[in-house]
Amino acid sequence: MKSFPSLFIILLVTVCGIQRSFSQTDLLSLLGEEEVTQYTSATFKTTRIINSQSIENAAKGVLDVKIQHRFSSIDRGVSEFFGLDGATIRIGADYGLTNRIMIGLGRSTVDKAVDGFAKIKILRQSSGKKNMPVSLSWFSSIELKTSKFADQTRPNYFSSRMYYVNQLLIARKFSDGLSIQIMPTLVHRNLVKTSSEKNDVYSLGIGFRQKLTKRTSINVEYFYTLPNQLADGFENPLSVGFDIETGGHVFQLHFTNATQMIYKGFIGESTDSWSKGQIHFGFNLSRVFTLVKPTMPEQ
Amino acid sequence: MKNLIRMSGKTLLIVFAFVLIITKGNGQKYFSKNAMIRFHSDSPMEKIEGVNSTSTTVIDAATGKLEFAALNNAFVFEKALMQEHFNENYMESSKFPKTVFKGVINDVSNVKFAVPGTYKVTVTGDMIMHGVTKSITIPAELVVDAKGLHANAKFIVKCSDYKIEIPAVVKDNISNDVEITVKVDYNVLSQ
């Protein structure tokens with residue numbers, strides 16, 4: 001007589017217990033956890049660190065207009081308003097053909113140079129399903145002097161106006177704030193002034209980005225050029241800057257000893273020196289325009 | 001005594017089977033891995049709209065419990081920069097990759113999951129977004145038709161409720177009120 005209710009209760013409690021425990025588990029866990037690949041984004045604020053390219057590309061269909069200024073050196077004193085009386089500029093634009101391929105064009109005051117380039121993302125830093133510790137891009141550009149040849153009496157060839165740049169960008173975003181980029185760079189110059197200057201210049205660049213707030217950061221960029229490739233009197237370019245992002249604009253304000261904003265210039269032709277106080281104030285201004293809208297998921 | 005035990009044994013079997021049947025009948029669950037969540041914010045300066053079409057959701061018809069999960073960086077915007085800012089500056093997706101809602105359909109007994117029709121319901125639960133958990137109640141609609149179960153909802157969330165800061169310089173461009181639209185076509189979850 002006793003066994004019936006007791007057994008019944010035990011069973012019922014067990015069944016209910018099983019049911020309860022089922023309904024208490026996370027409903028979404030029933031779907032099974034699908035691991036996804038999380039790609040790192042915004043390693044740098046814009047496509048330049050300061051003078052050099054950053055790992056960032058303009059997204060597909062986005063035009064990024066760049067206006068870059070470098071003033072004269074601060075040590076010129078108050079009569080030249082600490083260099084602000086003189087300026088060299090580069091006006092250019094970057095465009096994202098795809099999310100991995102960006103092309104760009106620019107024109108600089110110095111040497112009336114025109115430059116065209118392509119930057120291609122090869123690897124993207126990611127975690128999750130696919131794990132990749134660094135991002136890797138290949139940058140290649142042709143820079144062309146269009147100013148008159150200095151010596152009109154000797155035979156001058158069009159090819160003498162050309163410079164070629166090849167660069168690998170290896171970057172890692174270590175945390176939300178800190179990104180570091182290493183840049184082995186080769187600048188080839190078809191014509192150099194003296195035999196003590198090499199046609200091929202190998203240089204290793206390093207760039208840092210540390211965010212101060214969500215929308216501001218400190219950037220540092222330095223290129224170490226191996227000895228005996230440049231003549232005496234040329235300096236390695238060191239630049240220290242501050243990025244401010246406001247919606248569609250990025251303002252990059254910086255101090256640098258380089259006055260040119262293309263590779264043949266800042267790597268191979270910088271003569272000013274930080275230690276002599278030949279520091280230039282400058283800025284890059286970036287404004288993006290979405291020319292082709294991304295396809296939205298169907299609604 | 002023996003008889004009784006045998007009797008009770010039979011009864012038990014019947015009761016046990018009955019409980020199992022009930023559990024199975026009521027325990028139907030529905031899911032989707034392609035739930036659409038649309039984020040829309042209008043301001044005089046700028047319209048901001050993002051769509052996530054890979055959210056996951058499960059509804060338990062027996063208990064009325066339902067859950068949603070959306071990866072923040074799966075929202076697609078009409079400007080790449082908006083998407084970057086959404087993740088970097090507002091949602092802080094590297095710190096808080098997912099937005100989750102866990103709730104219960106308040107009047108689930110009124111919903112006949114096997115009978116075609118449109119059922120107005122309210123859902124109460126916790127929205128877990130940007131590291132903040134907030135209890136909310138939202139109106140929703142469950143639709144049962146020949147194709148199965150569908151759900152629609154539209155509601156407003158306030159950025160300030162989830163500690164999502166909008167800096168003063170862009171106050172005119174970005175509204176504190178964000179309209180969320182949810183649209184799901186559910187599948188039956190076979191267990």
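Hydrogens, waters and symmetry mates play no part in the numbers below; they use all other heavy atoms, side chains included. What you see is a predicted model; the values in this text were computed from it and never measured. Just so we're on the same page: letters track the sequence lines, and every chain starts at 1.
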Colleague: Which one wins on heavy-atom pair count under 4.5 Å against chain A: B/V76, B/N89, B/N73?
Modeller: B/N89

Colleague: In Å and rounded to the nearest 0.5 Å, what is the OG to NZ distance from B/S94 to A/K173?
Modeller: 6.0 Å

Colleague: Which residues satisfy the side-chain hydrogen bond (donor to acceptor under 3.5 Å, both in side chains) test with B/Q83, sequence neighbours excluded?
Modeller: none

Colleague: For A/V36, is it the side chain, the backbone, both, or neither that has a heavy atom closer than 4.5 Å to a heavy atom of chain B?
Modeller: side chain

Colleague: B/K102 versus A/D26: any side-chain heavy-atom pair under 4.5 Å?
Modeller: yes

Colleague: To the nearest 0.5 Å, what is the distance between CG (A/L30) and CG (B/L189)?
Modeller: 6.0 Å

Colleague: Which heavy atom in A/E245 sits nearest to a heavy atom in B/H85, and how many Å separate them?
Modeller: OE2-NE2, 2.7 Å

Colleague: For A/S41, is it the side chain, the backbone, both or neither that has a heavy atom under 4.5 Å from a heavy atom of chain B?
Modeller: both

Colleague: Closer than 3.5 angstrom, by distance alone: can the side chain of B/E67 be matched with the main-chain N or O of A/L28 as a donor-acceptor pair?
Modeller: yes

Colleague: For A/K66, does the NZ atom sit with more than 12 other heavy atoms under 6.0 Å from it, leaving out its own atoms?
Modeller: yes

Colleague: Can you check whether anything in residues 132-158 of chain B gets within less than 4.5 Å of chain A, heavy-atom wise, and list it by number?
Modeller: none

Colleague: Tell me, side chain or backbone of A/S127 under 4.5 Å from chain B's heavy atoms, or both, or neither?
Modeller: neither

Colleague: Which of the residues B/A69, B/P167, B/P97 is involved in the greatest number of heavy-atom pairs with chain A at under 4.5 angstrom?
Modeller: B/P167

Colleague: Test side-chain contact (heavy atoms from CB on, under 4.5 Å) on A/Q38 and B/L71 and set out the steps.
Modeller: CA-CA 10 Å; A/Q38 298 269 12; B/L71 277 174; 3.7 Å; yes

Colleague: Let me know if B/T181 has heavy atoms under 4.5 Å from chain A in its side chain, its backbone, both or neither.
Modeller: neither

Colleague: Taking only residues two or more places apart in sequence, or in another chain, which ones meet A/D94 in a salt bridge (Lys or Arg N to Asp or Glu O under 4.0 Å)?
Modeller: A/R48

Colleague: Could you check which of B/E46, B/K33, B/E165, B/K95 has the highest count of heavy-atom pairs closer than 4.5 Å to chain A?
Modeller: B/K33

Colleague: When you check the gap from the basic side-chain N to the acidic O, do A/K211 and B/E88 get nearer than 4.0 Å?
Modeller: yes

Colleague: Which heavy atom of B/E84 sits nearest a heavy atom of A/A42, and at what distance?
Modeller: OE2-CB, 3.5 Å

Colleague: Among residues two or more places apart or on two chains, list those pairs meeting salt bridge (charged side-chain N to carboxylate O under 4.0 Å, His left out) that have a residue in residues 121-134 of chain A.
Modeller: none

Colleague: Using a 4.5 Å cut-off on heavy atoms from C-beta on, say whether the side chain of A/T290 contacts that of B/L81.
Modeller: no

Colleague: Do you know which of A/V62, A/T213, A/T40, A/D176 has the most heavy-atom pairs under 4.5 Å to chain B?
Modeller: A/D176

